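Whatever order the structure lists ligands and atoms in, that order sets their numbers, starting from 1. The structure presented is a predicted model; accordingly, all values stated were derived computationally and were not measured. All residue numbers in this chain count up from 1 along the given sequence.
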Amino acid sequence: MTERMLKDDPNWWRQAAIYQIYPRSFKDSDGDGLGDIRGITSEVDYLSSLNLDAVWLSPFYPSALADGGYDVADYRNVDPRLGTLEDFDEMVAALHAVGIRVFVDIVPNHSSNLHVWFQEALASEPGSPARDRYIFRDGLGENGELPPSDWPSHFAPSAWTRTTNPDGTPGQWYLHLFAPEQPDFNWDNPEVQEDFLTTLRFWSDRGVDGFRVDVAHALKKDLSEPFRSKPEFIDFANPLSGDDVLFDRNEVHDIYRQWRKIFDEYAPPRVAVAEAWVRAERRVLYARPDELGQAFNFDLLLADFDAQEFKRIITDNIDLAKTQGSSSTWVLSNHDRVRHVTKYGLPAGYDLKEWLLSHGTNLSVDHEKGLARARAATMLMLALPGSCYLYQGEELGLFEVADIPADQLQDPIWERNHHTDKGRDGCRVPLPWQAEGTSFGFSSGQAHLPQPASFAEFAVDVQSGKGDSTLEMYRNALKLRRELQTSENYSWIETGNPDVLHFTRDNGWQSVTNFGATSVPLPQGHIVLASAGHVDGVLPANTTIWLKSLEGK
Ligand code: GLC
């Protein structure tokens with residue numbers, strides 16, 4: 001494997017390709033069926049073959065796994081089932097040696113209920129400094145038997161859980177916007193603020209290059225009492241004024257301005273990306289240069305495979321990012337969403353939850369169409385200026401696993417919604433590395449989530465070196481992208497066909513996508529650089545092609 005030097009460019013992240021690793025499902029090195037840090041290190045050559053700029057690791061910290069690791073018991077350690085800090089250091093060194101930078105996931109809104117601070121809070125008196133690190137309140141009603149407000153949890157039903165006092169009597173309530181095992185921190189408390197600065201320094205000192213900030217828009221709440229009512233959460237419906245009781249409050253930006261000072265202590269400065277489910281106009285505020293620098297733009301992930309929808313999203317997001325001096329990000333899949341191969345194989349706008357609940361039997365997915373569209377959308381995305389976030393397994397064309405037996409589901413969403421929502425396990429099934437063998441080469445033991453038999457066809461060893469495979473398409477497109485892009489410029493070319501999107505990038509590089517149902521003629525006077533499907537004189541339906549104009553313009 002050729003070594004690639006990390007460039008010292010402080011702007012490396014503006015047009016990067018970043019690959020999300022969900023550590024428990026990437027590769028297992030010790031046979032316990034859970035992916036681990038050494039497993040990642042053992043696949044550095046694979047990651048390098050993808051031509052990535054960085055990887056982002058979902059949480060690998062000590063955790064009871066009440067929410068797939070997003071319930072962190074110790075922010076400055078590695079879960080012993082996943083390895084040690086030494087393993088982590090070795091992984092970072094091995095990735096850096098092949099020119100791949102490392103992001104870690106920071107979960108600042110809530111900890112695990114097993115965090116020492118929460119345990120201390122439970123053992124302490126109401127009103128004590130230990131309780132003030134979280135959000136404890138007396139209940140309403142005559143005996144405090146009602147929750148302090150009507151706020152719901154993202155994982156349903158209430159965002160409040162009542163504690164039990166050491167003598168067995170019912171106690172105060174505490175706030176958790178997610179599962180009860182994820183108590184929310186009180187970000188008005190300077191000790192909480194200070195502790196996260198320590199965590200950011202801890203990982204930056206270990207060579208971590210960037211941070212993905214979990215639910216970045218939720219940290220500051222309006223805790224003045226009586227609490228304002230908010231019986232429902234609707235993503236993207238928070239007021240543009242920044243005055244919602246729970247989300248996207250203006251004060252949250254003070255936190256990130258403080259974090260930026262830490263990032264800038266390092267060379268090159270550490271970088272970050274916000275996960276903020278807010279409207280596009282507000283999302284870019286998190287990406288300001290004196291804050292996190294980038295924010296996930298989930299618009300393509302939420303969109304149907306539709307040319308005009310894609311065009312509007314692309315144009316608006318590039319323009320909006322520019323207003324704040326940032327570059328846009330692009331995402332088609334992640335560990336929280338139904339894999340896009342599956343989504344594109346169902347009718348546009350189809351209710352994915354309903355489909356999952358039926359184990360995928362109420363409507364069959366057109367896998368061929370889904371995969372063709374996923375490949376086309378990916379090539380289009382990789383031709384755009386900005387940073388692309390790729391989710392492990394999408395380079396293999398993996399689909400959502402809808403038929404995980406109910407007794408093996410791990411996502412808290414399943415139980416908390418009384419079995420009416422299957423949750424997110426279907427996109428978290430361990431990767432197939434080999435067509436043969438236990439767990440398709442993921443582990444020498446049983447994988448922690450069951451892999452379907454058809455994963456064999458998608459295995460890395462089946463696709464490697466096979467010219468038309470999805471894996472080789474990713475490798476090739478990522479390599480070309482790195483070679484071809486020299487600026488953040490792009491411009492649309494009018495096609496006269498509402499189903500066809502055509503734009504140019506640097507040095508005559510062009511991308512054309514046919515979202516329609518029938519083939520269209522290929523533009524003349526170009527050489528073909530790469531394509532997402534078989535192109536023979538015409539551009540078939542659901543296909544993207546990259547061209548270079550013969551004049552080099
Ligand atoms: C983010 C994560 C998700 C997690 C939640 C709570 O949305 O992506 O996986 O459940 O935050 O931490």
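From the protein, the heavy atom lying nearest to atom 7 (O) of ligand 1 is Glu275 OE2, 2.7 Å. For atom 2 (C) of ligand 1, the closest non-hydrogen atom of the protein is Asp214 OD1, 3.1 Å. For atom 10 (O) of ligand 1, the closest heavy atom belonging to the protein is Asp67 OD2, 2.6 Å. Looking at atom 5 (C) of ligand 1, its nearest protein heavy atom turns out to be Phe178 CE2, 3.8 Å. Considering only non-hydrogen protein atoms, atom 8 (O) of ligand 1 sits nearest to Asp336 OD2, 2.5 Å.
Remark: ligand 1 atoms within the under-4.0 Å shell around heavy atoms of Arg424 are 3 (C), 4 (C), 9 (O), 10 (O). Taking every heavy atom of Phe155 and a limit of under 4.0 angstrom, the matching atoms of ligand 1 come to 10 (O).
Counting heavy atoms closer than 4.0 Å to ligand 1, residue Tyr22 contributes nothing at all. Looking at Arg428 against ligand 1, only its side chain comes within 4.0 Å, counting heavy atoms. In His154, neither the side chain nor the backbone holds a heavy atom less than 4.0 Å from any atom of ligand 1.
Cation-pi contact between Arg133 and Trp117: present, with separation from the ring centre below 6.0 Å and deviation from the ring axis of at most 45°.
Contact analysis puts Arg212 in contact with ligand 1, with a non-hydrogen atom separation below 4.0 angstrom. Distances shorter than 4.0 angstrom do not occur between any heavy atom of Trp277 and any atom of ligand 1. For His110, the heavy-atom gap to ligand 1 drops under 4.0 angstrom.
Under a 3.5 Å cut-off, the side chain of Thr378 and the backbone N or O of Ala374 do form a donor-acceptor pair. The main-chain N or O of Pro430 is found under 3.5 Å from a side-chain atom of Gln451 such that the two form a donor-acceptor pair.
The only option from Phe196, Phe263, Phe88 that meets the ring-ring contact (aromatic ring centres under 6.0 Å, His included) definition with Trp203 turns out to be Phe88. Of the candidates Asp316, Asp299, Asp248, Asp299 is the only one forming a salt bridge (charged side-chain N to carboxylate O under 4.0 Å, His left out) with Arg283.
Ionic pairing of Asp28 and Arg81 is not present here: no N-O contact between side-chain nitrogen and carboxylate oxygen is shorter than 4.0 angstrom. One finds no salt bridge joining Asp290 and Arg260 here, because no Lys/Arg side-chain nitrogen approaches an Asp/Glu carboxylate oxygen to under 4.0 Å. Salt-bridge check for Asp304 with Arg373: failed, with every basic side-chain N at 4.0 Å or more from each acidic carboxylate O.
For Phe236 and Phe298, the ring centers sit 6.0 Å or farther from each other.
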